[in-house]
Structure formats: C-alpha cells, structure tokens
Number of protein chains: 2
Amino acid sequence: MATRTDAPTRREQILKEAARLFAERGFHGVGVDEIGAAVGISGPGLYRHFPGKDAMLAELLVGISDSLLTGAKRRLAEDGAAGAEAVLDSLIEGHIDFALDDRPLITLHDRELDRLRDADRKMVRQLQRQYVELWVGVLREVYPAVAEPAARSAVHSVFGLLNSTPHLGRPGRAVTASLLHRMARGAFAAVGEA
Amino acid sequence: MATRTDAPTRREQILKEAARLFAERGFHGVGVDEIGAAVGISGPGLYRHFPGKDAMLAELLVGISDSLLTGAKRRLAEDGAAGAEAVLDSLIEGHIDFALDDRPLITLHDRELDRLRDADRKMVRQLQRQYVELWVGVLREVYPAVAEPAARSAVHSVFGLLNSTPHLGRPGRAVTASLLHRMARGAFAAVGEA
DNA sequence: CAGGGAGGTTAGCGGTCGTTAACCTTAGGG
DNA sequence: CCCTAAGGTTAACGACCGCTAACCTCCCTG
C-alpha cells in the first residue's frame with residue numbers, strides 16, 4: 001500500500017504548487033520566481049530539482065495521465081468479475097475521486113497539453129488514448145448497441161461533465177460525487193437507449 | 001435581422017484570428033506579432049483597431065457571454081408558451097449550436113477569464129451568472145423536486161459536457177449535436193429522478 | 001575533522017513581449 | 001488640388017522572463 005505519512009519532499013512541494021499556479025494563471029502566466037516563492041525558495045533554486053520550467057509541467061501531465069490509466073486498469077482487473085456495469089461504476093467513481101481531490105491537475109490535464117515538448121506530448125497523448133479506449137470498451141459492454149465512434153464521443157463528453165468540478169460550489173464532497181455519478185450514468189444511458 | 005452578407009471588417013478578422021490563437025496556445029502564449037501576421041498586417045498595426053492585447057480578449061469574452069445570454073432570453077420568450085420541457089430543449093440546442101460553431105470561443109470562455117481586467121471580468125461573470133440562473137430556473141420547472149444548489153451544479157456540469165466539443169471527432173455536425181442533446185437530457189433526467 | 005555534495009543565494013545575460021514613436025501611403029471631399 | 005483621416009510601416013524602448021554563473025552554507029560521512 002505504501003500509505004504516505006512522511007512529510008512531502010521538496011520536489012513534491014514544488015510540483016503541487018506549480019500545478020496550482022499553472023491551473024490558476026496558465027503555464028505562460030506563471031514565472032519561475034512565483035513558483036519558487038510558493039515553496040519558500042527563490043526562483044533559480046528550482047533548478048536544483050528540475051532542469052527547467054517545462055520539465056515541471058511535463059512531469060505533472062505524464063503523472064496525471066499515468067495514474068488515471070493505472071487506476072482504471074486496476075479497477076478493471078479488480079471489479080471485472082462483478083460485471084461490466086460494476087466496472088463502469090468503478091471507473092466513474094475513480095475519475096470523480098480524481099477530479100475532486102486534484103482539481104488543479106484535472107484542469108491542467110486538458111488545457112496545457114500543447115505546451116509540452118513533442119516527446120512528452122506524445123507520451124501523454126498515448127496514455128490518454130489508452131484511458132479513453134479502456135472506457136470505450138467497458139461502455140460498449142454495457143451498451144452493445146452503441147457504435148464505437150459514438151461511444152468514444154460519449155466518453156469524451158462525460159469526461160467534460162466530470163471535469164467540471166472546478167466550476168462547482170462546495171456543498172460537501174459526497175453530495176457532489178453522488179450527483180456527478182448519477183449524471184454520468186444518465187448521460188451514458190441516454191446514448192445506450194437511443 | 002441584419003443578416004450579414006458583407007465582407008468582414010478588419011476588426012472582425014482580427015477578433016476571429018485572435019480567438020483561434022488564444023484558444024490554441026493560451027492568451028500569454030500568443031504574441032501580438034502573430035495575431036497581426038494572421039490577418040496580414042504586422043504587430044503594431046493592431047493598435048489602430050484595439051487599445052491593446054487585453055482589449056481583444058475582453059471584447060471576445062464579453063461578446064460570447066452576452067450572445068449566449070441574449071440567445072437564451074430570446075429562446076425563453078419564444079418557446080415559453082410551449083412549456084418548460086420545450087424551453088429546456090431549446091436552451092440545449094442553442095448552447096450546442098454555439099459550441100459546435102464557435103469552438104475557439106467556447107474554449108476561451110472558461111479558460112482565460114482570469115486574464116481580464118477587474119471591470120471586464122466582473123461584467124463577464126455577471127453575464128455568465130445570469131445565463132446559469134436562467135437555465136436553473138427552467139430546469140427546476142421541469143424537475144421541481146431538484147433543490148436549487150443541485151440544479152446549479154447540474155447546469156454547470158452539463159455545460160462541461162456540451163463544451164467538450166473541442167475534444168470530439170468530427171462525424172458530421174448533426175450526429176454530434178444529436179448525441180450531445182440526448183446526453184444532456186439524460187444527465188438532467190438522472191438528477192430529476194433521484 | 002577534512003571534504004564534498006545537496007540545496008540554497010544573488011547578479012546578470014540574452015531574448016522576447018507589449019507598447020509607443022515617428023514616418024509613410026492612399027483615398028475622398030471641400 | 002491640397003489636406004486630412006485611416007491604416008499601415010519600421011525602429012526602438014523598457015519590462016520581464018527563463019536560465020546560468022558564481023558563490024555560500026550546512027550536514028553527512030570516511
């Protein structure tokens with residue numbers, strides 16, 4: 001399990017603050033001095049931990065995409081025996097957890113992808129595509145009548161729905177999670193029953 | 001009606017290209033020279049039409065918010081007699097039209113708001129809030145059991161769903177529009193029937 | 001207890017960006 | 001036929017930004 005109880009490393013502090021700032025003001029809108037100030041060191045000190053500003057964004061985006069995909073694969077393996085419906089619910093739940101717990105990251109995820117170097121962008125895109133295709137596969141098991149392109153569009157749209165958390169009020173985590181879950185299922189059902 | 005058949009003015013060309021570039025690379029990621037080049041003039045020439053780069057973004061965002069709200073008010077007035085269900089469908093249709101026809105604008109709309117001067121941002125926020133509240137009112141007419149905070153969250157989430165068009169493939173406009181419409185109704189229904 | 005690496009600091013360089021200044025060209029009206 | 005306004009141009013300025021250089025200070029270890 002490796003539940004983390006230790007204090008966060010400096011690197012992790014930097015990544016967390018950088019994510020927050022990038023999400024708030026955009027990658028180009030944040031200077032390295034601000035990121036440094038956010039963790040109590042000053043600008044150039046960051047270069048002891050990262051080769052450059054781009055590298056921070058790259059690590060963030062690859063990390064998000066990878067952990068989304070890894071979590072989804074795990075859920076597919078664990079809940080697969082319980083049927084496609086259960087897996088779909090589990091995927092939705094996982095994505096909602098992520099959107100609620102790491103709002104800055106979910107914002108960056110679909111907003112700053114184009115600021116990456118080619119190699120990093122390709123990697124992120126590949127992880128994202130695998131994540132989408134995993135959802136598409138499960139969705140089409142639940143609703144076999146849905147053609148693949150429609151399923152893919154539906155998945156992207158539901159991501160848009162779930163990723164709307166930054167715009168939502170804060171009426172308690174469980175309430176929001178439940179609402180989002182029901183809406184996602186409702187949206188999928190509307191595609192499946194067409 | 002004033003249907004526009006005349007050629008677009010230079011100002012309009014600039015706004016259109018600026019919207020595209022801002023959506024692609026972010027407000028801070030685009031230089032004035034690039035915007036100029038996109039309309040065939042060079043950097044500082046833009047200042048004959050706008051007082052500054054910020055003013056272009058401001059005009060774009062206020063314009064979007066205003067036209068969304070105006071369209072929604074018109075639909076409410078025109079289709080109100082046909083009942084709340086019909087108005088809701090009309091609102092959804094209008095938002096989808098917008099998301100499909102002006103993808104760069106819909107992207108900017110929820111992404112670059114914080115780059116505005118205080119006065120402009122307040123104005124945009126107010127227009128957006130009115131737009132949301134109009135939807136909330138109609139939604140609660142269709143589903144009276146839904147409490148106001150839940151309705152507001154639901155509306156924001158459906159906006160997230162409808163605004164996902166930039167991530168979608170292009171399988172023909174009508175097909176996409178129909179899919180999005182059904183999903184939006186399905187998501188709302190799931191909230192209403194809870 | 002020397003010494004070296006880890007992790008800071010400040011100064012400053014080179015490039016870019018938004019903006020202004022100064023100047024030029026053209027079309028239309030008195 | 002001038003003259004003015006509209007709409008361009010290039011040059012350049014000042015600010016800022018990412019990053020490097022040079023230096024300092026601990027702490028850990030052989």
Side-chain angles (χ1 to χ4, degrees), chain A residues 6-62 104 108 111-121, chain B residues 6-62 104 108 111-121:
Chain A
D6 17 328
T9 69
R10 181 46 51 95
R11 259 185 78 90
E12 290 167 333
Q13 288 180 44
I14 294 172
L15 284 174
K16 185 181 161 197
E17 294 301 312
R20 184 178 57 79
L21 289 167
F22 289 160
E24 277 174 14
R25 301 213 285 285
F27 180 67
H28 292 300
V30 180
V32 290
D33 289 356
E34 299 179 73
I35 303 174
V39 296
I41 69 179
S42 223
L46 296 171
Y47 288 78
R48 299 290 166 191
H49 305 275
F50 295 92
K53 191 185 164 193
D54 306 4
M56 301 179 206
L57 182 64
E59 188 159 328
L60 285 169
L61 293 188
V62 173
L108 287 183
R111 192 169 293 196
E112 306 285 354
L113 183 59
D114 299 321
R115 276 47 136 192
L116 255 44
R117 291 183 6 249
D118 274 25
D120 295 319
R121 190 170 56 248
Chain B
D6 17 330
T9 69
R10 181 46 52 98
R11 260 185 78 89
E12 290 167 332
Q13 287 180 44
I14 294 172
L15 284 175
K16 185 182 162 196
E17 294 302 311
R20 186 178 57 79
L21 289 166
F22 289 159
E24 277 174 14
R25 299 213 287 284
F27 179 67
H28 292 299
V30 180
V32 290
D33 288 356
E34 298 177 74
I35 302 173
V39 297
I41 70 180
S42 225
L46 296 171
Y47 288 77
R48 300 289 164 191
H49 303 276
F50 295 92
K53 193 186 164 194
D54 306 4
M56 300 178 205
L57 182 64
E59 189 158 328
L60 285 170
L61 292 190
V62 173
L108 288 183
R111 193 168 292 197
E112 306 286 353
L113 182 59
D114 300 321
R115 276 48 137 191
L116 256 43
R117 292 184 5 249
D118 273 25
D120 294 320
R121 190 172 55 248

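Every chain is numbered from 1 and lettered A, B, ... according to where its sequence line falls, protein lines coming before strand lines.
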Side chain proximity check, [X] to [Y], heavy atoms < 4.5 angstrom:
| X | Y | answer |
| --- | --- | --- |
| Lys16(A) | Gln13(A) | no |
| Asp114(A) | Glu24(B) | no |
| Leu60(B) | Glu112(B) | no |
| Ile35(A) | Phe22(A) | yes |
| Asp120(A) | Leu61(A) | no |

Chain B vs DNA chain C, heavy-atom contacts under 4.0 Å, first-to-last nucleotide span, 5' to 3', is dG18(C) to dC23(C)
Roughly how far, to the nearest 0.5 Å, is CG of Leu57(A) from CG of Leu116(A)?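 So the CG of Leu116(A) and the CG of Leu57(A) are separated by 5.0 Å.
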Shortest non-hydrogen separation from Ala38(B) to Arg20(B) and the atoms involved: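 Closest heavy-atom pair between Ala38(B) and Arg20(B): CB-NH2, 4.2 Å.
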Taken to the nearest whole Å, CD1/Ile14(B) to P/dG8(D) is 7 Å
Per-nt protein contacts along nucleotides 15-22 of chain D (heavy atom under 4.0 Å; B base, S backbone sugar-phosphate only, - none) come out as ---SBB-B
Contacts satisfying salt bridge (charged side-chain N to carboxylate O under 4.0 Å, His left out) that involve residues 41-61 of chain B (not counting sequence neighbours) are Arg11(B)-Glu59(B)
